[in-house]
Amino acid sequence: MPEGNEIHRWAARHTAAFVGKKLNVLPGPNHRFIDAHLVDGKKLLKVHAVGKHLGYEFGPDLYLHVHLGRFGDFTEGCGPLPEPKGALRAVLQRAGAGKKSRSQKGQPHNLTCANDDGTQPFPPEEVDWCELRGPTDCSVYDAAKWQALLDRLGPDPLAHEPGGHDDPQRAYDKILSKKTSIGELLMDQSILSGIGNIYRAELLFRHRLNPFTPGEQVELKTLKSIWKDSIPLLKAGMVDRRIVCTDRKDRPSGKAVAERGEEHYVYRRHGKPCFVCGETILRKDVAGRTLYWCPNDQQTTNEQNDTAYAQGTSLRAGRAAEKKGRRSAP
DNA sequence: GCCTTATGCTCAC
DNA sequence: TGAGCCTAAGGCT
């Protein structure tokens, strides 16, 4: 269930564990991973991560594309594989793995802790296999299809590859030309890739930006500031399986490590007091996803809301949800 | 055990 | 714009 930070972390781990090695690539028990035979037995050359997409390069025209969607996840381990589980299961396994005696043989682990500097805490030689469950996509792309995917993705704050998906100017230009709300634009992967619902809400709060502000009304310096902030925030992304976006000075505990419930300023904190001003955090269904914000720190001016409503750019889904009787802001 | 919710995306209409 | 797909955890009865 990842945003871009998690994708890049998996890419780093799978690079360490599998690149340069021949892999057994196994389909799930019901054979929904129909492309497995195309890469089975081949040497993995490189693992790419752009936005929320992973690309396992097995040859110049052979990429295994993985998108985890909202539910996909990996489990890693050494020794024997666990029993099949789930509708779509794919396994990358080192050829010949599981034959050697290991101290942790047969113990799968789902390690998700990163060190503070973003490095990974366990030696990759302990990983024989990884199991993928519940992805939105797990299929083989040729080079043209992979390139087409890259072409439609916006810059990724965590991408530093030659040829670059890390030039934010394209994103600035697009945002500043649109009437759509910044809350929706930040989630648009063709504008910025790798940002998901948590980082959207948290970045907007951190920069005190009203989610309903039309893109064209956002100041360029604010966009630059958001981009600059997003890089360390995404890099620091995972701490004990949690995304932490609060600064120490704003945490009620004042502790260096966020306690449970103080990882986020606004995300899933609706009905609770803002850490900064005490105002009650609101939520609203926007374009099918739940948006959270502080109505005081992220001032909702009547003018901005009126504009958003009039243009029908940001609150359509919210109004539709209200019609259906679903809960909106508390 | 059932229901709701969740870090996403595509496609048909 | 709504439906559909996929898994898991937590709250409730």
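Chain letters run A, B, ... following the sequence lines, proteins first and then strands; every chain starts at 1.
Residues that satisfy the ring-ring contact (aromatic ring centres under 6.0 Å, His included) test with A/Trp146, not counting sequence neighbours, are A/His48, A/Tyr63. In this structure, the side chain to side chain contact (heavy atoms under 4.5 Å, CB included) partners of A/Ser139, at least two apart in sequence or on a different chain, are A/Asp35, A/Asp137, A/Tyr141. Listed by chain and number, the residues in a side chain to side chain contact (heavy atoms under 4.5 Å, CB included) with A/Ser253 are A/Arg251, A/Lys255, A/Glu259, A/Glu262 (sequence neighbours excluded). In this view, A/Lys249 satisfies the salt bridge (charged side-chain N to carboxylate O under 4.0 Å, His left out) rule with no residue, not counting sequence neighbours. Scored by the side chain to side chain contact (heavy atoms under 4.5 Å, CB included) test, A/Lys22 finds A/Lys43, A/Ala95 as partners (sequence neighbours excluded). Residues forming a ring-ring contact (aromatic ring centres under 6.0 Å, His included) with A/His67 (at least two apart in sequence, or on another chain): A/His53. Taking the side chain to side chain contact (heavy atoms under 4.5 Å, CB included) definition, one finds that A/Arg208 meets it with A/Phe205, A/Val276, A/Asp297, sequence neighbours left out.
When the side-chain nitrogen and oxygen atoms of A/Tyr267 are compared with OP1 and OP2 of B/dT5, none of them lie within a distance under 4.0 Å. Phosphate proximity of B/dT7 to A/Tyr199: absent, as no side-chain N or O sits under 4.0 Å from OP1 or OP2. Contact annotation: A/Arg133 reaches the phosphate of C/dA8 (side-chain N/O to OP1 or OP2, under 4.0 Å).
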Mind listing the N/O atom pairs, protein and nucleotides 9-13 of chain B, below 3.5 Å?
unit_1, atom_1, unit_2, atom_2, d
B/dC9, OP1, A/His67, NE2, 3.1
B/dC9, OP2, A/Lys52, NZ, 3.4
B/dT10, OP1, A/Arg152, NH2, 3.0

Please, what dot-bracket string fits DNA chain C when only Watson-Crick and G-U pairs with both distances under 3.5 Å count, crossing ones use [ ] and pairs to another strand use |? |||||.||||||.
